[in-house]
Enquirer: 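Take this structure first; my questions come after.
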Amino acid sequence: SSIPCWARIIVRWSRVDIAGVIHDWLYEKGDKTRREADKIWRIVAQSGAHHASWLQAGVCWIGLRAGGWCSWNRNKDNREQYSKQKKENK
């Protein structure tokens with residue numbers, strides 16, 4: 001996930017990079033809703049030794065909720081195709 005430029009003043013990418021990788025995968029191929037994927041991002045961002053503070057995670061989460069719809073909609077076909085492939089491989 002990309003951190004909005006206005007949020008980079010508050011949070012360093014290194015504090016949320018793992019959360020971003022997981023979030024991007026969920027947006028691309030996951031079987032979660034957008035709201036669930038964004039919530040998972042926030043939980044992961046606030047976990048671990050070098051985690052983001054609640055304020056940093058909150059600011060970035062607001063950015064995800066505000067701007068993530070564009071990426072979510074762009075990846076709709078990918079999620080559907082991945083879901084179909086998962087079902088066929090069972």
Side-chain angles (χ1 to χ4, degrees):
S1 63
S2 298
I3 299 174
C5 58
W6 51 266
R8 293 179 193 156
I9 297 167
I10 297 172
V11 64
R12 289 188 3 226
W13 172 250
S14 62
R15 295 198 179 267
V16 296
D17 57 351
I18 299 299
V21 170
I22 293 167
H23 185 261
D24 287 355
W25 187 89
L26 289 170
Y27 264 43
E28 176 90 21
K29 298 185 179 189
D31 57 357
K32 304 288 183 200
T33 65
R34 181 175 165 234
R35 183 179 300 274
E36 290 170 329
D38 292 351
K39 183 177 181 178
I40 290 168
W41 179 92
R42 193 170 186 174
I43 291 167
V44 175
Q46 291 180 280
S47 303
H50 301 288
H51 66 284
S53 71
W54 68 269
L55 176 63
Q56 293 168 329
V59 167
C60 289
W61 179 83
I62 289 169
L64 286 175
R65 294 304 298 161
W69 61 270
C70 182
S71 179
W72 179 261
N73 291 341
R74 186 176 57 239
N75 288 310
K76 181 181 178 192
D77 291 340
N78 291 338
R79 287 190 309 277
E80 289 173 356
Q81 183 178 3
Y82 184 76
S83 178
K84 183 179 175 183
Q85 287 174 347
K86 270 179 44 176
K87 289 176 184 175
E88 290 173 355
N89 290 334
K90 285 188 175 182

Enquirer: Just wondering, more than 12 heavy atoms not from Arg65 lying within 6.0 Å of its CZ?
Expert: yes
Enquirer: Taking only residues two or more places apart in sequence, or in another chain, which ones meet Asp17 in a salt bridge (charged side-chain N to carboxylate O under 4.0 Å, His left out)?
Expert: none
Enquirer: Quick one: side-chain contact (heavy atoms from CB on, under 4.5 Å) partners of Thr33, sequence neighbours excluded?
Expert: Arg35, Glu36
Enquirer: Mind checking the CH2-CD spacing from Trp61 to Gln46? Nearest 0.5 Å is all I need.
Expert: 11.5 Å
Enquirer: Which value, rounded to the nearest 0.5 Å, describes the distance between Ser71 atom OG and Asp24 atom CG?
Expert: 7.0 Å
Enquirer: Show me the pairs that pass salt bridge (charged side-chain N to carboxylate O under 4.0 Å, His left out) and involve residues 42-61, at least two apart or across chains.
Expert: none
Enquirer: Please write out which residues are connected to Tyr27 in a hydrophobic cluster, directly or through intermediates, given that two of Ile, Leu, Val, Met, Phe, Trp, Tyr count as joined at side-chain heavy-atom separations below 4.5 angstrom.
Expert: Trp72
Enquirer: Side-chain contact test, heavy atoms from C-beta onward, threshold under 4.5 Å: evaluate it for Tyr82 versus Asn78 and give yes or no.
Expert: no
Enquirer: Taking atom CD1 of Ile40 and atom CG of Leu26, what is their separation to the nearest 0.5 Å?
Expert: 5.0 Å
Enquirer: Check whether Val11 and Leu64 end up in the same hydrophobic cluster, where Ile, Leu, Val, Met, Phe, Trp and Tyr are linked by side-chain heavy atoms less than 4.5 Å apart.
Expert: yes
Enquirer: Are Val21 and Trp25 co-members of a hydrophobic cluster defined by side-chain heavy atoms under 4.5 Å apart?
Expert: no
Enquirer: Please enumerate all residues that pass salt bridge (charged side-chain N to carboxylate O under 4.0 Å, His left out) together with Arg79, with sequence neighbours excluded.
Expert: none
Enquirer: When the side chains of residues 52-60 are checked against the rest of the protein, which donor-acceptor pairs come out under 3.5 Å, sequence neighbours left out?
Expert:
residue : atom : partner : partner atom : Å
Ser53   : OG   : Leu55   : N            : 3.4
Ser53   : OG   : Gln56   : N            : 3.1
Gln56   : OE1  : Ser53   : N            : 2.8
Gln56   : NE2  : Ile10   : O            : 3.1

Enquirer: Just verifying a value: how many Å separate Lys84 NZ and Glu88 CD, rounded to the nearest 0.5 Å?
Expert: 5.5 Å
